[in-house]
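See below for the structure under consideration.
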Amino acid sequence: MKIKETPLKDCYIIEPTIFEDERGYFFEKFNEKKFEELTGMNGHFVQDNISKSSYGVLRGLHLQKGEHAQAKLVSCLEGKVWDVAVDLREESPTFGKWFGIELTAENKIQMYVPRGFGHGFSVLSETAVFSYKCDNFYNKESEGSVKFNDPDLMIDWKITEKDMVLSEKDVNAPSFGQKNF
């Protein structure tokens with residue numbers, strides 16, 4: 001697997017080495033030892049989540065705060081999404097910056113989103129199945145969020161707002177300036 005830095009501190013893209021032949025393909029999706037050697041980051045995950053969504057669904061920007069903060073290793077198992085990470089760590093040199101990448105079942109790319117980041121994605125295909133590996137357990141009381149269309153962040157979600165399908169929670173999320181992180 002190849003690990004590439006993004007413009008955001010501690011946020012990485014993981015590209016697998018894919019072995020294909022007439023039978024299909026094989027690849028190592030994740031290797032904790034290699035990840036830690038190449039990034040210096042902890043790659044131990046304790047919870048896996050899967051979501052299925054249809055075109056236009058936007059989930060985000062979400063995070064877990066405090067002692068329940070989570071790093072995530074995310075990938076798209078079916079379909080195509082535009083995946084976004086936002087650095088919400090006030091001490092970070094990339095605080096308030098975002099990075100987006102297209103994750104698809106075909107490209108098999110993953111993104112490592114460290115603790116202290118907001119995360120979200122929009123579905124670009126008819127449907128998408130999305131995978132999250134988390135390094136800490138979910139805790140409802142520690143949820144945080146940032147408004148998906150906050151003017152301070154200016155995130156391009158690759159779909160028009162009229163096509164977006166949002167939860168009530170995401171519609172009513174606080175602005176970046178309210179620092180609900």
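Position 1 is the first residue of the sequence, and the numbers go up from there. Atoms considered below: every heavy atom in the structure, side chains included; atoms not considered: hydrogens, waters and symmetry mates.
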Just wondering, are more than 12 heavy atoms of other shown residues or ligands nearer than 6.0 Å to CD in Glu5?
-> no

Gly43 to Glu32 - nearest heavy-atom pair and separation | O-CG, 3.5 Å

Got a donor-acceptor contact below 3.5 angstrom from the Asn107 side chain to the Thr104 backbone?
-> yes

Any chain of hydrophobic side-chain contacts (each under 4.5 Å) joining Ile14 to Leu38?
-> yes

Drop me the distance from Lys80's NZ to Lys158's NZ, to the nearest 0.5 angstrom.
-> 11.5 Å

Atom pair SG/CZ of Cys134 and Arg115 - distance to nearest 0.5 Å | 10.5 Å

Spatial distance of atom NZ (Lys29) from atom NZ (Lys133) [nearest 0.5 Å] | 7.0 Å

Compare every heavy atom of Leu124 with every heavy atom of Glu102, then report the nearest pair and how far apart it is.
-> OE1-CD1, 3.9 Å

Co-membership, hydrophobic cluster, residues Met111 and Ile109, 4.5 Å side-chain = yes

Grab the two heavy atoms, one from Val84 and one from Trp157, that are nearest each other, plus how far apart they are.
-> CG2-CZ3, 3.6 Å

Closest non-hydrogen atom pair between Gly79 and Glu106, with its separation = O-OE1, 4.3 Å

Considering non-hydrogen atoms only, spot the tightest contact between Ala128 and Val81 and give its length.
-> CB-CG1, 3.7 Å

Report yes if the side chains of His62 and Asp170 come closer than 4.5 Å at any heavy-atom pair, otherwise no.
-> yes

Specify whether Phe27 and Tyr25 have parallel, tilted or perpendicular ring planes, treating 30° as the upper limit for parallel and 60° as the lower limit for perpendicular.
-> parallel

Parallel, tilted or perpendicular: which fits the ring planes of Phe121 and Phe130, with parallel below 30° and perpendicular above 60°?
-> parallel

State the CE-CD distance between Met1 and Glu28, to the nearest 0.5 angstrom.
-> 6.5 Å

Do Phe176 and Phe95 make the cut of ring centroids closer than 6.0 angstrom?
-> yes

Stepwise, does the side chain to side chain contact (heavy atoms under 4.5 Å, CB included) test hold for Val74 with Gln110?
-> CA-CA 5 Å; Val74 299; Gln110 300 176 86; over 6 Å; no

Contacts under 3.5 angstrom, residues 141-148 side chains, donor-acceptor by atom type, not counting sequence neighbours:
unit_1, atom_1, unit_2, atom_2, d
Ser142, OG, Asn139, OD1, 3.2
Glu143, OE2, Tyr138, OH, 2.4
Lys147, NZ, Val171, O, 2.1

Quick one: does Asp135's side chain have a donor or acceptor within less than 3.5 Å of a partner on Ala71's backbone?
-> yes

For the residue pair Leu61 and Ile155, establish whether any side-chain heavy-atom pair is separated by less than 4.5 Å.
-> yes

Do Tyr12 and Leu103 share a hydrophobic cluster (ILVMFWY, side-chain heavy atoms under 4.5 Å, transitive)?
-> no

Please confirm whether the backbone N or O of Gly118 pairs with a side-chain atom of Trp98, one donor and one acceptor, at under 3.5 Å?
-> no

Carefully, step by step, assess Phe117 and Arg89 under the rule side chain to side chain contact (heavy atoms under 4.5 Å, CB included).
-> CA-CA 7 Å; Phe117 273 56; Arg89 304 169 301 174; 3.4 Å; yes

Intermediate values then yes/no, side chain to side chain contact (heavy atoms under 4.5 Å, CB included), Met164 and Ile159 | CA-CA 7 Å; Met164 291 179 182; Ile159 55 176; 3.7 Å; yes

Mind checking the CD1-OG1 spacing from Ile3 to Thr39? Nearest 0.5 Å is all I need.
-> 5.5 Å

The reported gap from CG in Asp83 to CD1 in Ile13 (rounded to nearest 0.5 angstrom) is 8.0 Å

Verify the distance criterion only: is there a donor paired with an acceptor across the side chains of Asn180 and Lys65 at less than 3.5 Å?
-> yes

Do other residues, nucleotides or ligands put more than 12 heavy atoms under 6.0 Å from Lys179 NZ?
-> no

Find out if a path of hydrophobic residues (ILVMFWY) with successive side-chain heavy-atom gaps under 4.5 Å connects Val57 to Leu166.
-> no

With side chains defined as the heavy atoms from C-beta onward, is the minimum distance between His44 and Val46 less than 4.5 Å?
-> yes

Contact check, side chains of Pro7 and Lys97, non-hydrogen atoms, under 4.5 Å = no

Crowding at NZ, Lys108 (>12 non-hydrogen neighbours, <6.0 Å) | yes

So Phe35 and Phe30, would you call those rings parallel, tilted or perpendicular, with 30° and 60° as cut-offs?
-> tilted

Stepwise side chain to side chain contact (heavy atoms under 4.5 Å, CB included) check, Thr6 with Ile101 | CA-CA 10 Å; Thr6 71; Ile101 187 167; over 6 Å; no

What are the two closest heavy atoms between Asp10 and Met41, and how far apart are they?
-> CB-CE, 3.8 Å

For Glu168, does the CD atom sit with more than 12 other heavy atoms under 6.0 Å from it, leaving out its own atoms?
-> no

Are Leu8 and Tyr132 in one and the same hydrophobic cluster, where Ile, Leu, Val, Met, Phe, Trp and Tyr link if side-chain heavy atoms are under 4.5 Å apart?
-> yes

Short side-chain donor-acceptor distance under 3.5 Å, Gln64 and Asn136 | no

